[in-house]
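Have a look at the structure below, then the notes.
Side-chain atoms are counted along with the backbone in the values below, which use heavy atoms only and exclude waters and symmetry mates. Remember, it's 1-based here, ligands and their atoms both numbered in the order they're listed.
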Amino acid sequence: MGLIVQKYGGSSVADAEGMKRVAARIVAAKKDGNQVVVVVSAMGDTTDELIDLANAVTPIPGGRELDMLLTAGERISMALLAMAISNLGHEARSFTGSQAGVITDSAHGRARIIDVTPGRIQEALADGAIAIVAGFQGISQDTKDITTLGRGGSDTTAVALAAALDADVCEIYTDVDGVFSSDPRVVPAARKLKTVTYEEMLELAAAGAKVLHLRCVEYARRYNLPIHVRSSFSPNEGTWVVENHPEGGNMEQAIISGIAHDKSEAKITIVGVPDRTGIAARIFQAIADADINIDMIVQNVSAAATGLTDISFTVPKAEGANATAILKRIQGEVGFASIQYDDSIGKLSLVGAGMRSHPGVTATFFAAMAEAGLNIEMISTSEIRISIICRESDLEKGVRAAHTAFGLDADQVEAVVYGGTGR
Ligand code: ADP
Ligand code: ASP
Ligand code: MG
């Protein structure tokens with residue numbers, strides 16, 4: 001007998017029919033002789049709708065109350081799913097994140113899991129019941145307030161519980177058949193990957209491939225827990241996220257395993273910055289003090305005549321207004337000329353462990369972008385990733401061009417999007 005943790009995303013439980021379909025699948029896993037713990041997301045686009053509602057009553061909703069509001073979405077799902085399972089003749093008990101022992105820090109909207117104490121889940125399993133846990137939420141160790149783990153965080157709840165319960169596998173059920181070489185909503189010719197390594201998946205998730213939450217991959221890697229990403233709408237085998245590709249695995253020959261894109265960032269350019277020791281430190285300290293995450297940074301060589309340079313960097317769009325306000329505050333002290341803010345950018349990233357041993361990836365990539373008529377505005381690299389910033393309106397065209405240029409297009413269309421609105 002095994003212990004399985006299954007996570008069902010919002011599109012899988014979007015309506016009553018979805019709940020019943022998922023319930024049948026859970027009962028089947030139980031009937032196979034497994035102990036089953038299920039993590040569930042809010043139905044369909046509920047989380048987005050709750051955020052819209054919060055924004056309709058106040059321009060800046062407070063973190064504590066927003067978390068209280070958003071966690072309600074997952075509570076609706078867990079109770080309905082438990083009822084649907086019970087209707088099939090099996091006992092199911094639902095638990096909030098706090099009841100399931102998900103203990104976090106107190107950073108509302110992006111809390112980190114500190115500890116998982118799943119005593120009540122173990123009790124339910126020992127009684128032969130199926131345990132249903134509300135995803136994406138926990139309770140702060142210090143303040144005892146309800147917290148959320150950030151958008152897409154139910155994946156992390158599932159992996160954290162799987163690690164704490166020493167589960168055999170964590171299955172992430174979503175609206176596509178697994179992890180593809182690119183987002184199937186953008187690249188119809190995307191290929192399903194049989195396996196992807198933690199390292200590659202971390203880069204893909206960080207670069208915007210939202211099929212898995214970044215922290216869930218970090219967690220799985222730390223505990224060496226295999227993740228199986230698959231569709232709740234089909235019986236197909238999905239993608240295994242593992243430490244290493246197996247011998248002869250699908251990625252042996254490929255240089256690039258995936259292409260990710262991200263529309264959630266904005267670019268800030270500080271124009272006419274004095275090119276002196278300590279200036280960059282002053283600027284980025286001010287941004288760091290406000291807890292704003294910076295992604296790419298580019299600084300040009302200063303013009304010889306003026307000794308001035310420009311610095312550009314990217315931040316999440318949601319932090320854009322805050323970041324520019326902070327810069328304006330230090331403008332006099334630092335002595336730069338002006339600030340430009342641009343939120344019509346997109347980020348395109350190539351990821352692949354094969355990059356380490358293959359020169360010429362950048363040249364092929366940039367040639368494909370030139371041919372697609374796309375202008376590259378910023379570039380950053382890691383050992384197994386190359387990212388560029390371009391116009392947001394050029395982004396999807398660029399993803400498809402890169403996918404073709406690296407020979408990733410499938411001969412026959414295998415990417416099916418079963419549900420979801422892609423919101
Ligand atoms: P869920 O609600 O099940 O958590 P998400 O919307 O968070 O689902 O994640 C699934 C979506 O991720 C897919 O519908 C797809 O559009 C998107 N996606 C982005 N990149 C990829 C990729 N490389 N492989 C598969 N799906 C991807
Ligand atoms: N419902 C939350 C969200 O939409 C968490 C999740 O689905 O993983 O972000
Ligand atoms: Mg998700």
Derivation of the side chain to side chain donor-acceptor pair (under 3.5 Å) call for Ser181 and His403: CA-CA 8 Å; Ser181 50; His403 200 266; 2.7 Å; yes
Relative to the heavy atoms of [X], which atoms of ligand 1 are at a distance of less than 4.0 Å?
X: Gly10; answer: 2 (O)
X: Val179; answer: 24 (N)
X: Lys210; answer: 6 (O), 7 (O), 9 (O), 12 (O), 19 (C)
X: Ala209; answer: 20 (N)
X: Thr174; answer: 1 (P), 3 (O), 8 (O), 9 (O), 10 (C)
X: Pro184; answer: 25 (C), 26 (N), 27 (C)
X: Gly178; answer: 24 (N), 25 (C)

Full working for salt bridge (Lys or Arg N to Asp or Glu O under 4.0 Å) between Arg221 and Glu199: CA-CA 8 Å; Arg221 180 188 214 178; Glu199 186 189 34; 5.0 Å; no
salt_bridge([X], [Y]) N-O dist < 4.0 Å:
X: Glu414; Y: Lys192; value: no
X: Asp155; Y: Lys7; value: yes
X: Arg230; Y: Glu171; value: yes
X: Asp145; Y: Arg64; value: yes
X: Arg93; Y: Glu123; value: no
X: Lys20; Y: Glu17; value: yes
X: Asp343; Y: Lys263; value: no

Which residue and atom name correspond to the protein heavy atom nearest [atom], and how close is it?
atom: atom 14 (O) of ligand 1; value: Asp175 OD1, 2.7 Å
atom: atom 27 (C) of ligand 1; value: Val211 CB, 3.7 Å
atom: atom 6 (C) of ligand 2; value: Ser154 OG, 3.3 Å

Ligand 1 contact by [X], heavy-atom criterion under 4.0 angstrom:
X: Ser232; value: no
X: Lys7; value: yes
X: Ser182; value: yes

Within-cut-off N or O pair, Asp155 and ligand 2, under 3.5 Å: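 No; every N/O pair is 3.5 Å or more apart.
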Gly150-ligand 2 polar pair, N/O distance under 3.5 Å: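 No, since none of the N or O atoms of Gly150 sits under 3.5 Å from an N or O of ligand 2.
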side-chain contact (heavy atoms from CB on, under 4.5 Å) against Glu383, all qualifying residues, sequence neighbours excluded: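 Applying side-chain contact (heavy atoms from CB on, under 4.5 Å) to Glu383 gives Arg356.
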Close approach of Gly10 to ligand 2, heavy atoms, under 4.0 angstrom: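 No, that is not the case, since the closest heavy atom of the residue is not under 4.0 Å from the ligand.
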Close approach, Gly153 and ligand 2, non-hydrogen under 4.0 angstrom: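 Right, Gly153 reaches ligand 2.
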[X] atom [atom1], neighbour heavy-atom count above 12 within 6.0 Å:
X: Arg75; atom1: CZ; answer: no
X: Glu371; atom1: CD; answer: no
X: Asn293; atom1: CG; answer: no

CD1-OG distance between Ile172 and Ser231, expressed to the nearest 0.5 angstrom: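 Rounded to the nearest 0.5 Å, the CD1-OG separation comes out at 13.5 Å.
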Ligand 1 to Arg185 polar contact by distance, N or O atoms, under 3.5 Å: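 Yes.
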Within-cut-off N or O pair, Ser181 and ligand 1, under 3.5 Å: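 No - when backbone and side-chain N and O of Ser181 are compared with those of ligand 1, no distance drops under 3.5 Å.
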Atoms in ligand 2 flagged as close to Ser41, the criterion being non-hydrogen separation under 4.0 Å: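 What qualifies from ligand 2 is 6 (C), 7 (O), 8 (O).
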Sub-4.0 Å atoms of ligand 2 with respect to non-hydrogen atoms of Arg151: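 Here the atoms of ligand 2 in question are 3 (C), 4 (O), 9 (O).
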Closest to atom 20 (N) of ligand 1 among Asp183, Thr47, Asp177 (heavy-atom distance):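 The residue whose heavy atom sits nearest atom 20 (N) of ligand 1 is Asp183.
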Heavy-atom nearest option to atom 22 (C) of ligand 1, drawn from Phe136, Tyr418, Phe180: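 Looking at heavy atoms only, the winner is Phe180.
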Part of Val176 with heavy atoms under 4.0 Å of ligand 1, whether side chain, backbone, both or neither: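 Near ligand 1, Val176 shows its side chain, while the N, CA, C and O stay back.
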Summary of ring-ring contact (aromatic ring centres under 6.0 Å, His included) pairs that have at least one residue in residues 143-184, sequence neighbours excluded: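 Residue pairs passing ring-ring contact (aromatic ring centres under 6.0 Å, His included), neighbours aside: Tyr8-Tyr173.
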Ligand 2 contact on Glu74 by region, counting heavy-atom pairs under 4.0 Å: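 Side chain only.
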